[in-house]
Amino acid sequence: MNLRNALRLARIFSLSASRAKSDDGGAPEGLASRPVTNLIASPIAFILAAAFTCLVMGSKMDAFILQVLALQFSVFMPAFTMFMSMVYSLMTEFSKSGEATSTDIVNWLPIQAGDFVAGSVLTTLYFVSPMASLLLGFAFGISFLAGSLGIWVVGAFVSVLGCILGALALEIARGALNRASGAFSGVGGQGAVILRMVLSVAIIVAISMMFNFSMMMRVVAWFSSGLAGIRFVPVLWPSMIVLEQASGNTYGAAIYACLSGLLLAAVYIASVRVRELYWAPAPVSLKMKPVRMSRSRGFLGTLGFDSGEAAVIRKDLKSLLRRREMAAILAIPVMVLLMGFMGTPIDMLMDPSAPYESKSTFLFQCAFAVLVLELQLALNAVGQEREEFINLLSAPMDAGQLLKAKASSALLPALPVLALLSILVSLLASIDAVTMIALILLGGTLLAAVTTVELAVGARYAIFTSSGRTRFVTQEGTIIGMLLGMATVGASLSPFALHFILEYVSIPIAYVLTLGTTLVVACFGLRVARRELEELYEYNY
Amino acid sequence: MDREIAVSLRGVSRSFGETRAVSSLDLEIERGSIHGLLGPNGSGKSTTMKMVMGLLKPDAGVIDVYGKDPQRDPIGVKRIVGYVPETPRLYEYLTGLEYLDFVADVYGVDPEVKEERIYEFLDAFGLDGRENEMISGYSHGMKQKTALIGALLHRPRLLILDEPLGGLDPKSARIVKDILQRLSGEGVTTIFSTHIMEIADALCDRISVLYNGEKLGEGSPAELREMAGRPRSTLEEVFLMLTGADDVAEIVDALMG
Ligand SMILES: Nc1ncnc2c1ncn2[C@@H]1O[C@H](COP(=O)(O)OP(=O)(O)OP(=O)(O)O)[C@@H](O)[C@H]1O
Ligand SMILES: [Mg+2]
């Protein structure tokens with residue numbers, strides 16, 4: 001490994017990563033363009049966090065609780081930084097489009113696998129450092145108050161180790177993922193493509209769940225209860241150093257330090273090996289089953305779509321299953337749904353006699369998941385065309401047809417999910433059929449309203465250029481989309497307030513009013529979306 | 001002999017900020033002819049084609065495509081035009097066949113003849129056997145051919161091809177040339193831009209030389225030679241003279257010291 005090469009690579013990676021984040025893809029200006037920015041931000045974050053903790057907690061906490069907290073924080077830090085660097089690497093890996101993967105770009109450079117791995121790890125450290133510093137700062141403040149700074153020093157040192165371990169582990173996972181998709185490509189066909197997408201979503205969700213707060217708390221609980229099996233989990237060895245040291249067992253700490261060192265070496269060697277093996281990922285040529293040419297009007301035709309609209313819808317549905325960038329989009333609603341499941345004990349959900357209120361969180365999460373799915377699909381519907389939008393612009397298709405096709409391709413995947421969840425919910429909450437149908441009807445209308453509003457936002461803030469860009473919609477657009485999405489739901493459902501808060505009208509009347517409002521919002525959204533799409537046709541390029 | 005004008009531009013201008021990409025351009029293109037646009041980089045060829053397509057709005061002037069105005073009736077124009085942009089953008093996550101199926105449906109090609117027509121072109125361009133692979137795995141030339149097929153599927157009356165032969169191997173380039181000539185015989189008009197003089201010479205009925213957005217000259221390849229007063233020289237020499245680049249030798253000398 002050549003350290004200078006590694007540093008150079010790290011510089012390139014971090015620059016390209018921060019450029020990919022900027023919406024116009026141009027070089028970031030001012031401070032953001034300087035690689036030292038994060039290095040300055042980190043100490044500041046550390047000092048702020050430490051000062052904040054000292055000032056706020058110092059007066060309120062009693063000494064014993066502080067001691068416990070200090071220990072938990074110090075023990076937990078390494079595991080946390082490890083997950084953090086893993087999540088970071090994973091997110092950047094998945095938000096990259098196929099051709100922009102850094103691996104391909106450096107393939108022809110005279111560098112060795114070791115340099116590459118080291119550079120990539122340094123980049124991850126660099127991006128994770130402000131967040132990690134924040135955590136270290138909190139821990140420092142607490143340890144300072146508790147008078148156990150010695151443990152904190154060990155914890156901080158081990159945290160860096162954890163960070164490196166996490167980044168290395170992801171390097172292996174990356175190689176494995178490439179290998180896996182390569183293997184699937186060999187098999188080919190729609191099934192493999194779907195499987196790959198499901199796997200990608202599952203990996204993102206699984207790793208993000210580790211990041212989830214309740215999961216973190218569970219890990220902390222393991223440590224506190226001194227679960228015996230823990231010591232056989234290599235990933236937790238760094239944390240064990242701190243734990244042993246804290247209980248005054250220097251000998252045990254030394255053993256875990258050795259074990260951690262061995263782990264680091266093993267993971268490093270493995271990741272370099274993987275990098276060597278898949279150093280030059282040849283562009284895999286995916287082979288699919290021959291398409292059946294539609295001779296008849298087909299299913300979409302009978303629904304009233306003309307051949308052009310139907311073609312756009314079919315293309316978009318394929319895009320949803322086949323493109324890497326879609327995995328991150330699909331993962332978010334899945335996470336919301338999983339959190340719903342985790343938040344409510346499963347036996348309580350299954351018990352039909354349990355009171356409705358005990359399940360309401362879960363019901364709410366289900367509805368929320370579908371809404372988030374729809375929001376994502378509609379928001380990205382136009383931007384996902386990328387530069388290929390020229391195909392639609394030069395086609396004999398007007399804004400109205402495009403709107404119809406895009407709205408439908410954003411709605412179609414969400415409708416079956418809505419239906420499935422409705423059935424699940426009606427089983428769990430034993431809701432009668434009439435209420436259920438009423439709810440599905442309202443849900444569908446609400447989805448339509450969200451779709452039109454988000455389509456408009458997505459069209460206005462779409463990013464059509466592809467090179468190095470990671471998103472389909474600008475950051476500004478994403479935020480506006482989320483706010484407007486919430487506003488849409490709020491406005492649509494506002495008549496229910498008449499019943500629940502003001503106790504002014506009965507439920508059926510509130511329902512009809514709500515359905516009406518939602519329809520009005522949907523029609524309004526449709527008009528705005530139409531105008532936004534028409535504007536795209538005026539766009540000069 | 002009655003000349004039927006398929007495409008006409010009168011006083012067409014278009015600027016981008018300070019840059020005048022096209023300035024008061026007049027063109028008349030006969031039905032069934034192959035019209036070449038030549039000119040150095042940045043001379044306004046692509047801009048002109050986009051305006052004819054209705055993708056760009058002219059600042060001034062009138063464009064007529066088979067009696068239709070691309071700004072007033074964009075759908076009507078797009079329906080009868082086949083367009084291959086400078087750098088074709090294909091949906092990389094579709095297979096070649098899926099892409100062509102998509103294009104055919106978008107242009108409303110009769111489902112009865114769609115499949116047969118697609119396979120005819122795939123055969124002709126030597127893409128048969130690769131049509132079920134994802135486009136992301138295609139070579140540059142394969143993508144170019146796929147885009148070309150996409151522009152031909154709906155039997156357009158006007159073809160607008162922006163450097164269509166870039167990246168094509170000699171055989172494919174020859175096939176494109178033959179197809180264009182045959183279509184010309186059937187009354188299909190073609191506007192295309194190229195930087196390859198031999199192709200322009202061999203293929204074009206008429207050529208317009210653009211420079212800084214203005215038309216320097218127009219005529220058949222032979223007429224252009226006459227006009228330049230060099231009837232026996234190559235079109236390349238005529239082009240270099242017209243566009244004021246006949247000092248190439250000096251430039252090379254200066255560069256190579
Ligand atoms: N979208 C745009 N924004 C700003 N300027 C543009 C745009 N498109 C073209 N131009 C400018 O208009 C002029 C003509 O460009 P055009 O693309 O038509 O040239 P061209 O003849 O096709 O060149 P080439 O042979 O390189 O393809 C150039 O100066 C170019 O910089
Ligand atoms: Mg051009």
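Protein chains get the first letters and strands the later ones, always in sequence-line order, with residue 1 at the start of each. Keep in mind the model is a prediction, meaning the values are calculated, not measured.
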Trainee: In terms of side-chain geometry, is the basic nitrogen of Arg89(B) or Glu388(A) positioned less than 4.0 Å from the acidic oxygen of its partner?
Mentor: no

Trainee: For residues 147-167 of chain B, give me every residue with a non-hydrogen atom less than 4.5 Å from any non-hydrogen atom of chain A.
Mentor: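 Not one residue of residues 147-167 of chain B has a heavy atom under 4.5 Å from chain A.
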
Trainee: Closer than 4.0 angstrom, basic N to acidic O: yes or no for Glu309(A) and Arg314(A)?
Mentor: no

Trainee: Is a side-chain donor or acceptor of Asn380(A) paired with a backbone partner of Gln376(A) at a separation under 3.5 angstrom?
Mentor: yes

Trainee: Going by the rule side chain to side chain donor-acceptor pair (under 3.5 Å), which residues pair with Ser409(A) if we only count those two or more places apart in sequence or in a different chain?
Mentor: Asp316(A)

Trainee: Are Glu92(B) and Lys143(B) within salt-bridge range, i.e. N to O under 4.0 Å?
Mentor: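 A salt bridge is present here (some side-chain N lies under 4.0 Å from a carboxylate O).
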
Trainee: Does Glu133(B) come within less than 4.0 Å of Arg130(B), counting only side-chain N to carboxylate O?
Mentor: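 Salt bridge between Glu133(B) and Arg130(B), a charged N being under 4.0 Å from a carboxylate O: yes.
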
Trainee: Do any of residues 63-85 of chain B have a heavy atom less than 4.5 Å from a heavy atom of chain A, and if so, which, in residue order?
Mentor: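 The list, in residue order, reads Ile75(B), Lys78(B), Arg79(B), Tyr83(B), Pro85(B).
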
Trainee: Between Glu535(A) and Arg531(A), is there a salt bridge with N-O shorter than 4.0 Å?
Mentor: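 Salt bridge: no.
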
Trainee: Tell me whether Arg460(A) at atom CZ has more than 12 heavy atoms from other residues, nucleotides or ligands lying less than 6.0 Å away.
Mentor: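 Atom CZ in Arg460(A) is not crowded, with 12 or fewer foreign heavy atoms closer than 6.0 Å.
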
Trainee: Report the residues that fulfil side chain to side chain contact (heavy atoms under 4.5 Å, CB included) with Thr194(B), sequence neighbours left out, ordered by chain and then residue number.
Mentor: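 For Thr194(B), the residues satisfying side chain to side chain contact (heavy atoms under 4.5 Å, CB included) (neighbours in sequence not counted) are Leu38(B), Phe192(B), Ile196(B), Ala200(B).
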
